[in-house]
Amino acid sequence: MRRFLSSRLPGFAVALSTVAAITFVCFRVVHLNNTTVAMLFILAILAVSTVWDIAVSSVMSVAAMLAYNYFFLPPILKLTIADPQNWIALIAFLITALIGSHLSSRAQRQAEEANRRRREIEKLYEFSQRLLSAGNAIELLNEIPRLVVDSFEVGAAALFLSEKQKVYRSGLLIPQLEKERLQAVVAREEMQLDEEQSLCFVPVRLGVRVIGSLGISGRILSRQSLEAVGTLIAVAVERARAVEALGKTEAAREGERLKSALLDSITHDFRTPLTSIKASVTSLLSDSRSDEKHREELLTIIDEETNRLNDLVGEAAEMARLEAGEFELELKPQSIAEIIQAAIHQVKGLLNGRPVRVQVTENLPPVRADLERTKQVLVQLITNAHNYSTAGTPITITAELNGDNVVTSVADHGPGIEEYELGLIFDKFYRGREQRYLVQGTGMGLPIAKAIVEAHGGTISVVSQLGQGSVFSFTLPVSREQAGRR
């Protein structure tokens, strides 16, 4: 009772002061007729009821009726009524004031409830958006209590999951949000509200299955909001688990694919030189009387195939270092034309007289690149163009400026690449279906080139047309010093 009165004392004071003010003005100053005075009282009661509750407006209605009877209904200054018709007027006044104040208070409560629900819906929407943006399952579980505290402005939150038998917390350490009570909520599968201690407990339910519980301290949310929060948390947890499971499945599938590609590469690329070496060694051991020329040929085969094996292992190790980031680029302003010439000079013996056309745009700005690594990319692309194109057809190398990047392209006149293979051509160990048995290789050259280009901040791509050839292009950023001068 004391709490009820203390919270409404300002309202009672305002109501009684308003009645006194209207009475004084109308009785001493303005001298209005009775009907006008009654309307003023009713308007004042309606105005007060929009701010305070029905208790304040009811007290004001009774006070206004007494003042109206004492000061404005004959006999004046007496709490008696001479004319029976005035009894009807007085009762009508009181009923009108009470009904009006009740309706106004109810409209106020409904408006407050609507605003509260709107705010809760906004908070639920914000909460759902933040749940969807969370990362993996472990991050999400640690993040959910903090999101509840931040989104709904509560003091503390605790999430318990039955599968893990673990509690995730955020905010103040509240004794009432202990694991045992959260487990009890899971067992009972029903919501619990404790308004005295400002505690809420809701099952985290996925369909009909309860997977955990949520405890909130510091504020009482509506039952609808609590049920929505529990459902959102359950959906988010299940979604994170599904994404994690899908990631593991994709990783396993990718691992199997790489394993198959590696086995295929070992079968076709490592076995060939090993077979040649084994045959040469066997021949040398079994035929000790062979002439010097034959022995020299066999030793040459062993030497060449050993070098080939060494190159295969070296490429695999290089790819591993590039993927792990265990290398450093010596980035300096470099002329792309000079890099192209250096790469052509390195593969001159391999090309065996094949024509190479170089078309570099004049006044091309220097690129920010590592000379040796960039040359390695060009050597790989030129070697590919030579290995996969018809003998005697030219290889065309171009370089041009495109925005803040220099685009370098290597074009051949080979058989082209199938459309479905364009997305696979830069994968480790992948080699064209039609060409893998015709051209020696490991399928590591293009992945290495891609890793080097991306480490420079560039991109690499390929366009191809069956029967016409392919064009491999990569971009390198223009040197910042040169870009500043422009």
Side-chain angles (χ1 to χ4, degrees), residues 311 315 329-417 422 425-426 432 435 439 441 444-483 485-486:
D311 291 340
E315 285 184 348
L329 296 176
E330 191 175 344
L331 299 175
K332 295 180 180 179
Q334 306 285 354
S335 168
I336 194 66
E338 293 179 2
I339 297 175
I340 292 172
Q341 292 301 325
I344 294 174
H345 179 74
Q346 182 170 327
V347 297
K348 187 175 181 180
L350 172 68
L351 296 177
N352 196 23
R354 181 191 293 270
V356 178
R357 300 171 182 171
V358 179
Q359 300 172 1
V360 179
T361 304
E362 293 185 2
N363 302 320
L364 205 59
V367 294
R368 184 171 177 267
D370 183 302
L371 176 61
E372 291 301 321
R373 291 290 187 179
T374 307
K375 184 177 71 173
Q376 184 180 354
V377 173
L378 272 168
V379 166
Q380 178 59 48
L381 297 182
I382 296 171
T383 302
N384 265 22
H386 172 73
N387 291 337
Y388 291 95
S389 60
T390 307
T393 57
I395 296 173
T396 303
I397 304 175
T398 63
E400 60 184 0
L401 184 65
N402 183 7
D404 292 332
N405 295 288
V406 171
V407 182
T408 306
S409 302
V410 178
D412 61 53
H413 294 275
I417 304 170
L422 292 177
I425 204 71
F426 292 102
Q435 305 296 323
V439 180
M444 295 290 287
L446 288 177
I448 289 174
K450 180 183 179 183
I452 292 173
V453 171
E454 291 180 346
H456 281 78
T459 59
I460 189 168
S461 59
V462 59
V463 293
S464 184
Q465 186 175 357
L466 289 178
Q468 301 296 320
S470 305
V471 180
F472 286 84
S473 303
F474 66 93
T475 64
L476 291 174
V478 173
S479 175
R480 292 179 181 176
E481 298 177 4
Q482 184 67 22
R485 295 194 191 105
R486 292 192 300 151

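- Within the 3.5 Å criterion, the main-chain N or O of Gly469 finds a donor-acceptor partner in the side chain of Ser464.
- Closest heavy-atom contact between Val478 and Pro365: CG1-CB, 3.9 Å.
- Smallest separation of non-hydrogen atoms from His386 and Leu350: NE2-O, 3.3 Å.
- For the residue pair Arg354/Thr393, the side-chain donor-acceptor check at 3.5 Å is satisfied.
- Shown here are the salt bridge (charged side-chain N to carboxylate O under 4.0 Å, His left out) partners of Glu338, two or more places apart in sequence or in another chain: there are none.
- In terms of modelled atom types and a separation under 3.5 Å, the side chain of Ser470 and the main chain of Asp412 share no donor-acceptor contact.
- Considering only heavy atoms from C-beta on, Ile382 comes within 4.5 Å of Leu351 through its side chain.
- No side-chain heavy atom of Arg373 sits less than 4.5 Å from a side-chain heavy atom of Val377.
- At least one side-chain heavy atom of Leu381 sits under 4.5 Å from a side-chain heavy atom of Leu446.
- Taking the side chain as every heavy atom from C-beta outward, Thr361 and Leu401 never approach each other to under 4.5 Å.
- The distance from atom CD of Gln341 to atom CD1 of Ile397, rounded to the nearest 0.5 Å, is 8.0 Å.
- The side-chain heavy atoms of Val410 and Phe474, taken from C-beta on, include no pair separated by under 4.5 Å.
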Atom pairs and distances, side-chain donor-acceptor, residues 454-462, under 3.5 Å, sequence neighbours left out:
unit_1, atom_1, unit_2, atom_2, d
His456, ND1, Ile452, O, 2.8
His456, NE2, Asp370, N, 3.0
Thr459, OG1, Thr475, OG1, 3.3

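- Across Asn405 and Pro477, no two heavy atoms sit closer than the pair OD1-CA, 3.4 Å.
- With sequence neighbours excluded, the residues satisfying salt bridge (charged side-chain N to carboxylate O under 4.0 Å, His left out) with Lys332 are Glu330.
- Separation of atoms CG (Leu476) and CD (Gln334) is listed at 10.5 Å; rounding is to 0.5 Å.
- Here the NZ-CD1 distance, from Lys375 to Ile340, works out to 13.5 Å after rounding to the nearest 0.5 Å.
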